[in-house]
Participant: 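Submitted below is the structure of interest, expressed as structure tokens.
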Number of protein chains: 2
Amino acid sequence: MLDPVSRVRRFNRAVTSAVGALDNSFLGRGRPLGAARVLNAIGHGHADVSGIRDYLGLDSGLMSRLLRSLEDEGLIETTAHKDDARRRIIRLTPAGRREFNAYEALSNRQAEDFLARHAQRETLLAAMDMIASVLRHDGIALHEADPRSDEARYCLGAYYAELARRFSHGFDVKLSRDPDAKDMVRPRGTFIVAMSDGLPLGCVGLKGSGAEQAEIKRLWVAPAARGLGLGRRLMEAAENAARELGIAVLRLDTNSALAEAGQLYRKSGWTEIPRFNDDPYPDLFFEKRL
Amino acid sequence: MLDPVSRVRRFNRAVTSAVGALDNSFLGRGRPLGAARVLNAIGHGHADVSGIRDYLGLDSGLMSRLLRSLEDEGLIETTAHKDDARRRIIRLTPAGRREFNAYEALSNRQAEDFLARHAQRETLLAAMDMIASVLRHDGIALHEADPRSDEARYCLGAYYAELARRFSHGFDVKLSRDPDAKDMVRPRGTFIVAMSDGLPLGCVGLKGSGAEQAEIKRLWVAPAARGLGLGRRLMEAAENAARELGIAVLRLDTNSALAEAGQLYRKSGWTEIPRFNDDPYPDLFFEKRL
DNA sequence: CATTATATCTGACTAAAGTCAGCTATATGC
DNA sequence: GCATATAGCTGACTTTAGTCAGATATAATG
């Protein structure tokens, strides 16, 4: 009925009016939108003038005036940067914090109303995660994290849950060769998570032993981020980290039920090798020389 | 990791910047956004001044000036309404049509770029359909349509495809008691589709025979619109139409694999009755006295 | 036909956003 | 130490959006 482009544009129309409604609710606090946006940027942790300017895409003159008006209202304080007195650091005053909290409450309220309109929350949220991930595709950042950190554990939990769903006989971490977290921390190995605006979207572990051989473990990409090439990016990051650590040969095990993963390995220079462990879950084994 | 409200707000942030980008690309044609929006509204078929004003939420004075500026550019022509000379009818000139097409090309281009960034188009489009449907929840309109019309056939096609997916032994329309289209057109019966901004989201058929008994057929709600209470709305509309047509008893058949449907019927005054036909697919039968 | 309502337009205004040149203070490189 | 670069600020300006009170023409009503 509707072609794909029309469907995207239908989405755009729907979303444009919803965004407009949020803007209008922000005007309810008697402050122009520009000033409200600057206040919110500061509340969300942007502390330096040029950072806020870049984030909001504002002209330096305009920015300066908006800061002045917030200062006149007693909502912010500015001090010179410790190492560079040309730069200014912005901080919310207690009154500014209260005002920021009021804006936060408005935003939260709107988000709750949106969710309340829909019975299948999780389906809807998954759709929103996916779209936000595509839109902010360029903003998906990979960084190394401790495998015991919150974001890493979130990814691992999602990974195990997905294996349990996809393996016909389920999945129990305890039966699998659960890599010791210490082996996925430098200098032995590392653990990499992909984050997009606060939401973890993927992970991969490099499990080393100090020897010149290491293993890739726990490659996972959130359903919301599939199709964006994130698996490949994670694998490249893991391989680069391995090279840095002086590792010459990488191995990994996987299961043929995870078709996308197998395809990714074959397309990026991995070769199938015979079984090299007695873990009950994997049935496919790969190797790559760096 | 992120709570539901934060996820909605992450979505809002992503979408706000995307909408801003579209606005900026629209500014590239050397015309303020307000004028561009009016030109687009006209191009999309809004022909009367008050219609455009309501659609865009503009003040009458501002609207008038924007029309004047488009007229000065030679992009539109205004004539008096045939029956009411106070009202003005707006039409694009050939130059206006060209300019409108340029905006359309920009929008289409953006939509294509968006789709190109993602491997799984259909998944992404389904997510966008769902969100647009929730956002435009109030704009989902039910209207009667010929069961042979494009929108009705789109719905029926989706309905059959879904049955084929959900029935363990598939579904073949030819084996089922396919209601004759004539029985779902007034005065015997009717067919109702739910449309949201050009996208069909659901349907239901009322199959009559001229007698005081009729059957409900083909109740379908698009996956993108589930959880919005659309099934109930469609059923109410069908029951109202039945009352109008002087029908006293409604019957329907369904399959226990379609759990949501059975639940809906039970909750809205239907009672289970014994099998009343020999169609191979249904295994549950309901009746309701109006 | 007079009255009232409606659709659109015009003039006069304001607020907000944005632009740009030049200023001041500080930092950096040679 | 001096030239140059950088960060932020100020003043003067323009554009865009929006508001509101009438004005004008036409339509509907009794």
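Quick note on labels: first sequence line is chain A, next is B, and so on, each numbered from 1.
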Participant: With under 30° as parallel and over 60° as perpendicular, where do the rings of B:Tyr55 and B:His46 fit, or are they tilted in between?
Facilitator: parallel
Participant: Record whether the side chain of B:Arg65 comes under 3.5 Å of the base of D:dT15 through a donor-acceptor pair of N or O atoms.
Facilitator: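 Absent.
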Participant: Please give, in whole Å, the distance from C:dT14 C1' to B:Leu62 CG?
Facilitator: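 Nearest whole value for this atom pair: 14 Å.
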Participant: How long is the gap from CG on B:Leu230 to OG on B:Ser133, to the nearest 0.5 Å?
Facilitator: 9.0 Å
Participant: If only atom types and distance count, is the side chain of A:Ser64 paired as donor or acceptor with the main-chain N or O of A:Gly61 below 3.5 Å?
Facilitator: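 Not at all, since once roles are kept as given, no pair shorter than 3.5 Å links the two residues.
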Participant: C:dC9 P sits how many Å from B:Asp72 CG, rounded?
Facilitator: 12 Å
Participant: Within residues 80-88 of chain A, find the residues that approach DNA chain D with a heavy atom at under 4.0 Å, and present them sorted by residue number.
Facilitator: A:Arg86, A:Arg87, A:Arg88
Participant: Can you check whether A:Arg86's main-chain N or O pairs, donor with acceptor, with A:Asp84's side chain at less than 3.5 Å?
Facilitator: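 It does hold such a pair.
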Participant: Using a strict 4.0 Å threshold on nitrogen-to-oxygen distance, state whether B:Arg186 and B:Glu244 make a salt bridge.
Facilitator: yes
Participant: Between C:dA17 atom P and A:Leu66 atom CG, what is the distance in whole Å?
Facilitator: 7 Å
Participant: May I ask you to say whether A:Arg7 pairs ionically with B:Glu122, meaning some side-chain N is under 4.0 Å from a carboxylate O?
Facilitator: yes
Participant: Evaluate A:Arg232 against A:Glu239 for salt bridge (Lys or Arg N to Asp or Glu O under 4.0 Å), listing each step before the verdict.
Facilitator: CA-CA 10 Å; A:Arg232 180 176 290 258; A:Glu239 290 173 17; over 6 Å; no
Participant: Just to be sure I understand the rule, does A:Arg68 reach a base, reach only the sugar-phosphate, or reach nothing, if contact means heavy atoms closer than 4.0 Å?
Facilitator: sugar-phosphate
Participant: How about B:Arg13: does its CZ atom have over 12 heavy atoms from other parts shown lying under 6.0 Å from it?
Facilitator: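 Yes.
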Participant: Where along residues 47-61 of chain A does a heavy atom come under 4.0 Å from DNA chain D, residue by residue in number order?
Facilitator: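 Going residue by residue through residues 47-61 of chain A, the ones with a heavy atom under 4.0 Å of DNA chain D turn out to be A:Val49, A:Ser50, A:Arg53, A:Ser60, A:Gly61.
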Participant: Can you sort out which residues in residues 29-41 of chain B have a heavy atom within less than 4.0 Å of DNA chain D? Ascending by number, please.
Facilitator: B:Pro32, B:Leu33, B:Gly34
Participant: Would you call the rings of A:Phe11 and B:Phe11 parallel, tilted or perpendicular, taking 30° and 60° as the class edges?
Facilitator: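 Rings of A:Phe11 and B:Phe11: perpendicular, as their planes differ by over 60°.
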Participant: For atom CZ of B:Arg109, is the number of surrounding heavy atoms from other residues, nucleotides or ligands below 6.0 Å larger than 12?
Facilitator: no
